[in-house]
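Labels below follow one simple rule: chain letters A, B, ... track the order of the sequence lines, proteins then strands, and each chain is numbered from 1. All values reported here derive from a predicted model rather than from experimental measurement.
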Protein chains: 2
Amino acid sequence: MDDTVKRVTRRRGRTRARLLDAAFEVFAAKGFGRVSIEEVCEAAGYSRGAFYSNFATLDELFFALYGERADLIAAQVADALAHDGPDLDVPASVDRVTEVLLLDVDWLLVKTDFLVHATRDPAVARALLDHRARLREAIADRLSRARGHTELPAVLGDVDGAAHAVVAAYDGVTTQLLLDRDVEAARAWLKRLLTALLTDGGGAPRHTTTH
Amino acid sequence: MDDTVKRVTRRRGRTRARLLDAAFEVFAAKGFGRVSIEEVCEAAGYSRGAFYSNFATLDELFFALYGERADLIAAQVADALAHDGPDLDVPASVDRVTEVLLLDVDWLLVKTDFLVHATRDPAVARALLDHRARLREAIADRLSRARGHTELPAVLGDVDGAAHAVVAAYDGVTTQLLLDRDVEAARAWLKRLLTALLTDGGGAPRHTTTH
DNA sequence: CGTATCCGATACACCCATGTATCGAAAGCC
DNA sequence: GGCTTTCGATACATGGGTGTATCGGATACG
C-alpha cells in the first residue's frame, strides 16, 4: 500500500538520536527556556539543516525527548517493583522504588522544565498526565498484591489513592532536591514519607512529648 | 550623610509596581521563558525606557517580583496559623492552611517558573530556600504548640521534620494541580495527605482487606 | 512660581535566532 | 558499481528583541 516509505533510515535515526541526546544535556544545563536550536545542533555536532530535517520546532523535539525518556523510566519502575517476590515487603519495595525514582538529577531538571512547559500547552499536559498515570498504575498494581498482608491508612482511600499519594510524595521531594541537589537526603526523605504514608505509623513507636 | 537620596520617588514607585503587576500576569499566562521585556512593558502600559530605568534585566524583575509575593504568602500563612486558639486543633489548622496555600493558581504557575529559574542560578535558589525555610518555621511553630495534645508519627522525626513533610506534601499536590487545574481536588488531596502524615492514622478506622 | 532634577518615551544600531531554498554528498537498491 | 533518493550543510533573507543615547515633560523643592 504505502509505497512512499523512506529508503534511507539508518543515518537519519542516528542523527535524530544524537540530537535528542545533545538536547537532553543542553536542556539540563541551561533550561529549556534558554536554549536555542543552534545550541542543540552545535552540541550534537550537526548544522541547523539536520535539525529542520528531523523536527519542525524545538517544542516538538522536547516532546519527543520527554516521551522517550519517560517510557524508559516507567519501565524501570515497573521492573523494580516486579522483581521482588509475590508477597509485598513494604520497606524493601520503598527502598527499591526510591533508588529508581531519584536516580538522575538531570532527568529531574528536564522533567520539571517539561512540567512548566505542560502548564501552557494542553497537549503536552496530556502526555505528562499519561506518564504519571502509568506510574501510578505500576505502583497500584504492586500495592494491590499486598492486600491481606498490610493495612493502609484509611484517609488515603483505596489502593489507587495510595498510589496517588506515593506520586505526590515523589513530586514533593523532587522540588526540594532540585534546590539543594542533595540526592541522598532526598532519598532518605522519600523513604520516610512513603513509610509514613503507607504503613500507618512506620512500624516504629510513636513520638510523644516528654514534658 | 547620604545626600544623594532621590528627590522624585512617588511616580517611580507607581511605575515599578505596575511593571511588577503586569509581569506577574504575563508570566502566569505565557511562562517566564517565553516573555520578552517588551511584552511586560506593553502589558503595563509603559515603554522600554521605563523598564530599563527601574530594572537592569528581566531576571532582576523576576527576582523582585517573587520576593514581594513570597513575603505576602508567608505572612498569610503565619496569620492563618496564628489566628486559632492556643491549643492545636489539627484538622482545623489543616483546613485553614490548605485554603491559604492553594489559593491562587497563577501564583503557583509563577512560583514553579521561579523554581526552574532557581535550579540554574544559585542566588535565586538561596532566595527560594529562604522562603521555604520561613514557611517551615511558621508551621513548626504551630506544631510545637501541639506537643502534649497530639502525637506525631515517629518516622518524621521531630517537629521540624514534620514541617518539612508538610511542605513536601504541598509541593507534591501543587505539581498535580498545575496539570489538571482542579483546585478543589488539590485541596482535598492536600488535606488527606496532611492528616495522614500528622495524625498517624487520620483518626479513622484502618482500611483492611475484605477477603 | 521658578527651577533643578528625575523619569520615561523615542529613535537608533546591533546582534542573534529563525526559517527557507539550494546543492553536494552519503546511503540504499538493483 | 551505477543510479536514484534522501539527508544534512551552506547561504541568504527576515524579524524581533536588546541595550543605549538623547530629549521633552513631569515632579518635587524652595
**Q** Please verify the inter-ring angle class for A/Phe27 with A/Phe62; under 30° counts as parallel, over 60° as perpendicular, anything in between as tilted.
**A** perpendicular
**Q** Expressed in angstrom and rounded to an integer, what is the separation of B/Phe55 atom CZ from C/dC7 atom P?
**A** 13 Å
**Q** Using whole Å, report how far CZ of B/Phe51 lies from P of D/dA21.
**A** 17 Å
**Q** Quick check on the helix from C/dC1-D/dG30 to C/dC30-D/dG1: what's the angle between its two end axes, five base pairs per end, to the nearest 10°?
**A** 40°
**Q** Do the charged groups of A/Asp21 and A/Arg14 touch, with an N to O distance under 4.0 Å?
**A** no
**Q** Nearest 0.5 angstrom please: A/Arg134 CZ to A/Asp71 CG, how far?
**A** 4.5 Å
**Q** Looking at C/dG8, I'd like to know if its phosphate oxygens (OP1 or OP2) sit under 4.0 Å from a side-chain N or O belonging to B/Asn54.
**A** yes
**Q** Can you tell me how far P of D/dC7 sits from CZ of A/Arg16, to the nearest Å?
**A** 12 Å
**Q** Roughly how many Å is it from CG in B/Leu61 to P in D/dT18, rounded to a whole number?
**A** 12 Å
**Q** Give A/Tyr46 one of three labels, base, sugar-phosphate or nothing, depending on what nucleic acid heavy atoms sit under 4.0 Å from its own.
**A** sugar-phosphate
**Q** Relative to the 5' end of DNA chain D, which residue comes earlier, B/Arg14 or B/Val35, by the nucleotide with the nearest heavy atom?
**A** B/Val35
**Q** Counting side-chain heavy atoms from CB outward, which of D/dG8, C/dA9, C/dT20 is closest to A/Tyr52?
**A** C/dT20
**Q** Just checking, is any N or O donor in the side chain of B/Arg181 or A/Thr119 under 3.5 Å from an acceptor N or O on the other one?
**A** no
**Q** Which pairs, protein N/O on one side and nucleotides 11-17 of chain C N/O on the other, fall under 3.5 Å?
**A**
residue, atom, partner, partner atom, Å
C/dA17, OP2, A/Glu38, OE1, 3.3

**Q** Return the value, rounded to whole Å, for the distance between atom CG of B/Asp59 and atom P of D/dG17.
**A** 17 Å
**Q** A/Arg10 side chain N/O closer than 4.0 Å to the phosphate oxygens (OP1, OP2) of C/dG28?
**A** yes
**Q** Roughly how far, to the nearest 0.5 Å, is the CZ atom of B/Arg136 from the OH atom of B/Tyr170?
**A** 13.5 Å
**Q** Would you call the rings of B/Phe114 and B/Tyr66 parallel, tilted or perpendicular, where under 30° means parallel and over 60° means perpendicular?
**A** parallel
**Q** Taking 4.0 Å as the cut-off, does a side-chain nitrogen or oxygen of B/Arg11 come that near to OP1 or OP2 on C/dC7?
**A** no
**Q** Are OP1 or OP2 of C/dG8 and a side-chain N or O of B/Thr15 less than 4.0 angstrom apart?
**A** yes
**Q** Test: salt bridge (charged side-chain N to carboxylate O under 4.0 Å, His left out). Region: residues 100-120 of chain A. Which pairs qualify, not counting sequence neighbours?
**A** A/Asp113-B/Arg120, A/Arg120-B/Asp113
**Q** Kindly state whether the ring of B/Phe51 and the ring of B/Phe55 have centres lying under 6.0 angstrom apart.
**A** yes
**Q** Picking from C/dG8, D/dG8, C/dG19, which would you name as closest to the side chain of A/Ser53?
**A** D/dG8
**Q** Check this for me, if you would: do A/Glu39 and A/Lys30 make a salt bridge, where the nitrogen-to-carboxylate-oxygen distance has to be below 4.0 angstrom?
**A** yes
